[in-house]
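Letters A, B, ... mirror the listed sequences (proteins, then strands); counts begin at 1. All of these numbers come straight from a predicted model, not from anything done at the bench.
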Amino acid sequence: MRLAPSPTGFVHIGNVLVALVDAAIARKYGGTFVIRIEDTDQKRFLEGAEQLIYDSLAWLGIEWQEGPDRGGPFAPYKQSERLPRYRAFAEQLVDEGTAYRCWCSPERLDEMRKAQQADKLPPKYDRMCLGKSETERQAFGGYTERSVIRLRMPDHGHTTFVDPIRGEMSFENALLDDRVLLKSDGFPTYNLAVVVDDHEMKITHVIRGEEWLPSTPAHLRVYEALAWKPPVIAHTPLLLNADRGKISKRKHPWANMGWFQEEGFLAEAVLNYLGNLIAFIPDTDNPQQGVARELFGFPEIAEHFELGSIGPSGKVVDLDRLDWLNGQYIRRMSLGELARRVGPFMTAAGLDIESPIFMGALALEQERLKRLSEAPAVLSIFFKEEEYPAQMLVPKGVAPNDARSMLDGAISVCAGVAASGNWSAASLEAPFRDLAISLDLTTGKQRGQLFGVVRVASTGRTATPPLFDTMAVLGADTILRRLAHASVLLSGLGA
RNA sequence: GGCGCGUUCGUCUAGCGGCCUAGGACACCUCCCUCUCAAGGAGGAGACCACGGGUUCGAAUCCCGUACGCGCUACCA
């Protein structure tokens, strides 16, 4: 099994899905997962991109056994370091007649294609150079000195093969293009390099995205011409956006694997999400048939994975579901672990994770977080005072003067609890409930209004964790200070 | 335009000829819990299995067309 990514500067989520498939089969059947860097396109090469690939996979916990970073029996694992062998095989194919040199200029090819499209003909090279020597070819137009080597496809018949994900695939040979195998700069195209490398590295299973399906007949032709046994070739479905188009780097940030980490998704959740797309893991706790287990890791994916169990249709990426999964994992995590993961996000936002109340505050938010990146925004109330409009202190349906008495009552309750030296959620709740009674707030809704006033005064927000827990974590000093400030704001309203 | 692939609730998916008046999950709605927000619990709505023909006693499941979607159509992968 092998993954063969190109180092183009970012790791596409679709590539990661393929890697997961590779790793799952390798694990299940005791195979070897090989990473090979396909850097034959010099124009697109980017420094550091290779490391990014390793980092992304490692982050998710996907393991590989051979690759440029860790060597192996078939090194080198970078195509740019394997150049001579491709050329030799290309020449061999020319000698044997299954490939030929082509001197057509890009301009001529371009015109040819336009004409074909206009005439509704299948788009393929017209074989102007086939069977000609260079001097013969020069007599015609559209000639360049720099030649490429093209694969000669059969004129008749069909190329068929079995894709384990899709079943039998069939292509009509006469409609297939004579693809370039060796570029004029001496570099191979993907179409030559994959075949040579996969054969030399003894690859048994090639897993790649669906976009490669149309290229497979050409690869099979090369295998045949070289009298090599082709591997099993499977094409995974594409990852789609909500509009059913393919995920594009430009429009959809989540095309980039790095985005998930930046957004505060956990590797466990992302892996779980992707695993759900390629394997069905039955819920063994549920006697009913067809009920899936929702939370699982790589071992379960590998155990239940089969190439045939991947649905062949494109998958729309559903970030809502990923959010839900992420929340599930966050809630199952120990507080210490959560603190460790949330730390970088807090620090980046300028919030001090050494603060004595950080852990207490985080505990209150743990079941409210979906993404780690949300932490700074929801936790900031524990770290600093935030401005809010005075009007927020007056709940709907409450007269400003009543809000005034609620706040005054709260201040004296808090002062009393603070003086007692026992500042806790429990020691706050009882006197606050007494306060409600003394203010003649007897219904649940009325009590809610009182708590609402105190909540805004204490935090500047209308939605927070449970009030008394929040107040307990914030501490008496902070609460008294904030309530006093709220009192000033209320006076400003004339209450 | 040519070729190829795909099509079960909005999304992911179970289903591989009778167990399907199609099951689960996310999202959505309602209720419970409740000081707000969540979380959790209980319900609900949501798919004539893209459409049309076959095959069969019987089809979401097999075959053939059509439509739509997507991919490829580069000296990029």
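- With a cut-off of 3.5 Å on both pairing distances, the Watson-Crick or G-U wobble partner of B/rC68 is B/rG6.
- Look at CG on A/D177: it is 15 Å from P on B/rG4, rounded to the nearest Å.
- For A/E38 and A/K78, the salt-bridge test fails: no basic side-chain N is under 4.0 Å from an acidic carboxylate O.
- Base-pair partner of B/rA25: B/rU11 (Watson-Crick or G-U wobble, both distances under 3.5 Å).
- Within a 6.0 Å radius of CD in A/E386, other residues, nucleotides and ligands contribute more than 12 heavy atoms.
- With a cut-off of 3.5 Å on both pairing distances, B/rA60 has no Watson-Crick or G-U wobble partner at all.
- Among the heavy atoms of the strands lying under 4.0 Å from A/L175 are primed sugar atoms or P, OP1, OP2 only; no base atom is included.
- A/Q117 comes within contact range of at least one nucleobase, with a heavy-atom separation under 4.0 Å.
- Comparing the C1' positions of B/rC28 and B/rG10 gives an interatomic distance of 9 Å, to the nearest angstrom.
- Nearest nucleotide to the side chain of A/E210, out of B/rC35, B/rU73, B/rC5: B/rC5.
- Annotation: B/rA39 and B/rA47 have their P atoms spaced 26 Å apart (nearest Å).
- Annotation: A/F187 is not in aromatic contact with A/Y86 [ring centroid separation under 6.0 Å not met].
- When both distances must be under 3.5 Å, the Watson-Crick or G-U wobble mate of B/rA47 does not exist.
- Here B/rA39 is the nucleotide among B/rA25, B/rA39, B/rC37 with the atom lying nearest to any side-chain atom of A/R331.
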Contact string for nucleotides 11-16 of chain B, one letter per nucleotide 5' to 3', B = base within protein heavy-atom range under 4.0 Å, S = sugar-phosphate only, - = neither, reads BSSS--
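- Using a 4.0 Å heavy-atom cutoff across all strands shown, A/E374 reaches no nucleic acid atom at all.
- The interatomic distance linking A/L239 (CG) with B/rG71 (C1') rounds to 14 Å, in whole Å.
- Pair assignment for B/rC31 gives B/rG41, based on Watson-Crick or G-U wobble hydrogen-bonding distances that are each under 3.5 Å.
- Among the nucleotides B/rG71, B/rC75, B/rC26, the one closest to the side chain of A/P214 is B/rG71.
- In the set B/rC35, B/rC72, B/rC37, B/rC35 carries the atom at the smallest distance from any side-chain atom of A/R455.
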Can A/V16 and A/L274 be said to form a side-chain contact (heavy atoms from CB on, under 4.5 Å), step by step? CA-CA 9 Å; A/V16 174; A/L274 294 176; 3.8 Å; yes
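- Judged by distance alone with a 3.5 Å cut-off, no donor-acceptor contact links the side chain of A/R166 to the base of B/rC5.
- Side-chain nitrogen and oxygen atoms of A/R113 include at least one within less than 4.0 Å of the OP1 or OP2 phosphate oxygen of B/rC75.
- Using a 4.0 Å heavy-atom cutoff across all strands shown, A/P312 reaches sugar-phosphate atoms only and no base atom.
- Across all strands, A/P282 comes closer than 4.0 Å to no nucleic acid atom at all (heavy-atom distances).
- Spacing between atom CD1 of A/I310 and atom C1' of B/rG6 amounts to 15 Å, rounded to whole angstrom units.
- Nucleotide B/rA74 forms a pair with no other nucleotide shown, judged by Watson-Crick or G-U wobble geometry with both contacts under 3.5 Å.
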Step-by-step side-chain hydrogen bond (donor to acceptor under 3.5 Å, both in side chains) determination, A/T464 to A/R455: CA-CA 8 Å; A/T464 72; A/R455 166 171 289 108; 2.9 Å; yes
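- Taking atom NE2 of residue A/H158 and atom C1' of nucleotide B/rC3, one finds them 11 Å apart after rounding to whole Å.
- The shortest distance between the side-chain N/O atoms of A/R146 and the OP1/OP2 oxygens of B/rC75 is not below 4.0 Å.
- Look at A/R433 and you'll find a side-chain N or O under 4.0 angstrom from OP1 or OP2 of B/rC35.
- Put simply, the side chain of A/R101 never gets that close to the backbone of A/I149: no donor and acceptor are under 3.5 Å apart.
- For the OP1/OP2 pair of B/rC37 and a distance below 4.0 Å, the side-chain nitrogens and oxygens of A/R461 include no atom meeting the criterion.
- A/P217 comes within contact range of no nucleotide atom at all, as no heavy-atom separation falls under 4.0 Å.
- For A/K246, a side-chain nitrogen or oxygen approaches OP1 or OP2 of B/rC72 to under 4.0 Å.
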Under 3.5 Å, side-chain donor or acceptor atoms of residues 300-307 of chain A against the rest of the protein: list the pairs with distances, not counting sequence neighbours.
unit_1: A/E300; atom_1: OE1; unit_2: A/G297; atom_2: N; d: 2.9
unit_1: A/E306; atom_1: OE1; unit_2: A/Y29; atom_2: OH; d: 2.9
unit_1: A/E306; atom_1: OE2; unit_2: A/K28; atom_2: NZ; d: 2.7
unit_1: A/E306; atom_1: OE2; unit_2: A/Y29; atom_2: OH; d: 3.0

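- Rounded to an integer number of Å, the gap from A/L450 CG to B/rU36 P is 13 Å.
- Taking only side-chain atoms of A/L109, from C-beta outward, the nucleotide of B/rU36, B/rG71, B/rC75 with the closest atom is B/rC75.
- Taking the P atoms as reference points, B/rA67 lies 26 Å from B/rA59, given to the whole Å.
- No donor-acceptor pair closer than 3.5 Å links the side chain of A/E210 to the backbone N or O of A/G314.
- At whole-Å resolution of the value, CG in A/D323 and C1' in B/rA27 are 11 Å apart.
- Geometric assessment of A/R321 against the ring of A/Y273 yields a negative cation-pi assignment under the 6.0 Å and 45° thresholds.
- Within 4.0 Å of A/L238, counting heavy atoms only, lie sugar-phosphate atoms of the nucleic acid but no base atom.
- Dashed line: the shortest gap from a side-chain N or O of A/T189 to OP1 or OP2 of B/rC76 is not under 4.0 Å.
- Because its NZ or CZ atom is both nearer than 6.0 Å to the ring centre of A/F140 and within 45° of the ring axis, A/K132 counts as a cation-pi partner of that residue.
- A straight line from CD1 of A/I233 to C1' of B/rC5 spans 16 Å, rounded to a whole angstrom.
- Within 3.5 Å, no donor on the side chain of A/R447 pairs with an acceptor on the base of B/rC35, nor the reverse.
- Residue A/P237 is out of contact with every strand shown, counting any heavy-atom pair closer than 4.0 Å.
- Distances shown here put every side-chain N or O of A/K124 at or beyond 4.0 Å from the OP1 or OP2 atom of B/rG1.
- At the heavy-atom level, A/Q288 lies under 4.0 Å from the strands shown only through sugar-phosphate atoms.
- Taking the side chain of A/F451 as heavy atoms from C-beta on, and the options B/rC35, B/rG4, B/rA27, the nearest nucleotide is B/rC35.
- Summarising the geometry, the separation between CD1 on A/I247 and P on B/rG71 is reported as 12 Å, rounded to the nearest angstrom.
- Pairing for B/rC16 is absent, judged as Watson-Crick or G-U wobble with the two contacts each under 3.5 Å.
- Legend: residues meeting ring-ring contact (aromatic ring centres under 6.0 Å, His included) with A/W212, ordered by chain and number and at least two apart, are A/Y190.
- For A/S184, whose side chain is taken as the heavy atoms from C-beta onward, the closest listed nucleotide among B/rG71, B/rA77, B/rC75 is B/rC75.
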